[in-house]
There are 2 protein chains.
Amino acid sequence: MPLPRATTLAHRILADQIPEGSCVVDATVGNGHDTEFLATLVGDSGRVHGFDVQLAALQSAKERLRAAGLDHRVRWHHGGHESLADQVDDPLRAVMFNLGYLPGGDHALITTAATTLRACSSASVLLVEGGVLSIVLYRGHPGGAEEAQAVETWILGLDAAHWSVARYSPLGRRREAPSLLLASKEPRLA
Amino acid sequence: MPLPRATTLAHRILADQIPEGSCVVDATVGNGHDTEFLATLVGDSGRVHGFDVQLAALQSAKERLRAAGLDHRVRWHHGGHESLADQVDDPLRAVMFNLGYLPGGDHALITTAATTLRACSSASVLLVEGGVLSIVLYRGHPGGAEEAQAVETWILGLDAAHWSVARYSPLGRRREAPSLLLASKEPRLA
C-alpha cells in the first residue's frame, strides 16, 4: 500500500480533532471533498463555513453535499478566504486549506501567498484553544513553491509558546508532491 | 487535542499497511510498545521478529506480550538489529525502528548510525513489494542528530524508481521532538 497522500493524512489527523458540534472552515471548497469530510464530522449541531472564489466549484460542491444529505450543515461563501474574518465570527475548531488550483478547473486560477496568508492569519485568531489549522501545499505549479515557502515562513512565525507545528512531506523523487502543514493552538494555562 | 507524536502517527499509518498473516520486524523492542502493536495486527497466522540488545528490555516486553496473550506471535532475538539479515529470511511486510535510548533504561545505551544503517539496509532487501520501513528518529540526545542525519541521507539514497519516501516532523519550538521517516517499496511493473 502506498504511503498516505497529504490530503489523506490531513483527514486522518483531523478526524480525531473535530468533535460533533464543532464550527469549522473549509477555506478552499474546490470539488467539496474536504467540505463533505468536515460536514460528516461536525454533525447536525455543528457548522461548516465553505469558501471559494469559483462559483462553478461552489455549485458542484453544493450538489455533492446535497447528494450526501449534508448540505444543511454548510454555509457557503462565494468569495476568497481572505474575507474569512469578515464573514465568520464563530470560534473555530479547525480550518482547512487545500491550496493551488482546482483539479479539472481553470489552472490559471490559483491561490496566492498574499490572500492565503491573510486568511491564515484570520484563522489563527478565530481558532479556539486546541483548534487546528491544516494546510495542503503544492509546489509543482508556477507560483506554488513561492506560496508554500511563504506559508511555511508564516507558520514558523506563530508564537512558539502557544502553537505546535508539524509538517508531513514526501521526499526524494516525490518532493514536488503535496505536503501538509499542521498548527495546533495550545491551551493557555490559567 | 495536540498534534500526533511521531510514534502515534507511525501506528496509524502502519495499521493500514499490515494485513493479518504478515511477517514483520520490530528492530528496537525496548518496552515492547511497537511489538504489541505489530503482534495485534499480524494475527495468529503472522509473525513478529523482535530485536533488542538489552536482555532486561526483552524480558519486560515478553511479559507485556504474555499479559496481552500475544507472545506466541513473536520470535525474540536477543541481539542488535544489525544481525537482522542473519536471523530472518522471511519476506517482510514492515520493519519498525524506534531509535535512541530505552526510556527508563540506560541512557548510555543508544542506537548508533553504523548498526542502524546496516539494519536498514537489510530491511530494505527483505521487504516485499508494497512493504514499508518506519523509523522514529530522536535528535535531542548526544549522537541523535548525527544518527538522524545519517538515516535521512541513507533513505534518500534508495533507488528512487522503486521507493517512495516521506517524513513527518515537528517544527519550530518542537523541532527536537521525534520525527518519523517512512519508505515504501513500490511494486515493480512486470
Side-chain angles (χ1 to χ4, degrees), chain A residues 1-19 22 41 93-94 127-135 137 151-187, chain B residues 1-19 22 41 93-94 127-135 137 151-187:
Chain A
M1 197 167 185
L3 299 178
R5 294 165 183 268
T7 46
T8 305
L9 195 69
H11 285 203
R12 297 257 190 92
I13 291 175
L14 266 62
D16 292 335
Q17 306 263 350
I18 303 175
S22 296
L41 291 175
R93 169 63 51 180
L127 279 173
V128 297
E129 292 177 5
V132 65
L133 182 60
S134 162
I135 310 172
L137 295 164
V151 172
E152 285 208 16
T153 301
W154 173 81
I155 220 164
L156 287 171
L158 287 169
D159 179 0
H162 298 298
W163 290 86
S164 70
V165 179
R167 176 176 53 206
Y168 175 74
S169 46
L171 303 178
R173 174 172 58 92
R174 293 176 64 249
R175 69 187 168 278
E176 295 218 330
S179 60
L180 172 65
L181 275 179
L182 295 162
S184 168
K185 194 174 190 173
E186 298 186 347
Chain B
M1 196 167 188
L3 299 178
R5 293 165 185 266
T7 45
T8 306
L9 195 70
H11 286 202
R12 297 256 190 92
I13 292 175
L14 264 62
D16 292 336
Q17 306 263 349
I18 302 176
S22 295
L41 290 175
R93 168 64 53 179
L127 280 173
V128 297
E129 292 177 5
V132 65
L133 182 59
S134 163
I135 310 173
L137 294 164
V151 173
E152 285 208 17
T153 302
W154 174 80
I155 220 164
L156 287 171
L158 286 170
D159 179 0
H162 298 298
W163 290 86
S164 69
V165 179
R167 175 176 53 206
Y168 175 74
S169 46
L171 303 178
R173 174 174 56 93
R174 293 177 65 251
R175 65 185 171 280
E176 295 218 331
S179 60
L180 172 65
L181 275 179
L182 295 163
S184 168
K185 193 173 189 174
E186 298 187 345

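Lettering follows sequence order; numbering is per chain, from 1. Predicted, not measured: the structure shown is a model, and the values here were computed from it.
- Among all heavy-atom pairs drawn from L14(A) and A94(A), the shortest one is CD2-CB, 4.3 Å.
- For the pair A161(B) and E186(B), the tightest heavy-atom approach, listed with the atom from each and the gap, is O-OE1, 4.1 Å.
- Identified by a heavy-atom distance below 4.5 Å to chain A, the contributing residues of residues 4-13 of chain B are P4(B), L9(B), R12(B), I13(B), in residue-number order.
- The closest side-chain heavy-atom distance from V128(B) to K185(B) is not below 4.5 Å.
- Smallest separation of non-hydrogen atoms from A15(B) and L41(B): CA-CD1, 3.9 Å.
- For E152(A), no part lies near chain B; criterion is any non-hydrogen pair under 4.5 Å.
- Heavy-atom distances place no part of A177(B) under 4.5 Å from chain A, backbone and side chain included.
- Taken from CH2 in W154(A) to CD1 in I135(A), the straight-line distance is 6.0 Å, to the nearest 0.5 Å.
- Both the backbone and the side chain of P170(B) come within less than 4.5 Å of a heavy atom of chain A.
- The greatest number of non-hydrogen atom pairs below 4.5 Å with chain A, out of V132(B), V165(B), L156(B), I155(B), is found for V165(B).
- Taking OG of S184(A) as the reference point, atom CD of Q17(A) lies at 6.0 Å (rounded to 0.5 Å).
- If you measure heavy-atom distances from L182(A) to chain B, the contacts under 4.5 Å come from both the backbone and the side chain.
- Once rounded to the nearest 0.5 Å, the distance linking CG of L181(B) with CG of L137(B) reads 5.0 Å.
- Heavy-atom pairs under 4.5 Å with chain A were tallied for S169(B), G157(B), S179(B); the largest tally goes to S169(B).
- Interface remark: L158(A) contributes no atoms to any contact with chain B (heavy atom separation under 4.5 Å).
- Between L3(A) atom CG and R167(B) atom CZ the span is 13.5 Å, to the nearest 0.5 Å.
- For chain A, no part of E129(B) is nearby; none of its heavy atoms comes within less than 4.5 Å.
- Between the CD1 atom in I18(A) and the CZ atom in R93(A) there is a gap of 8.5 Å [rounded to 0.5 Å].
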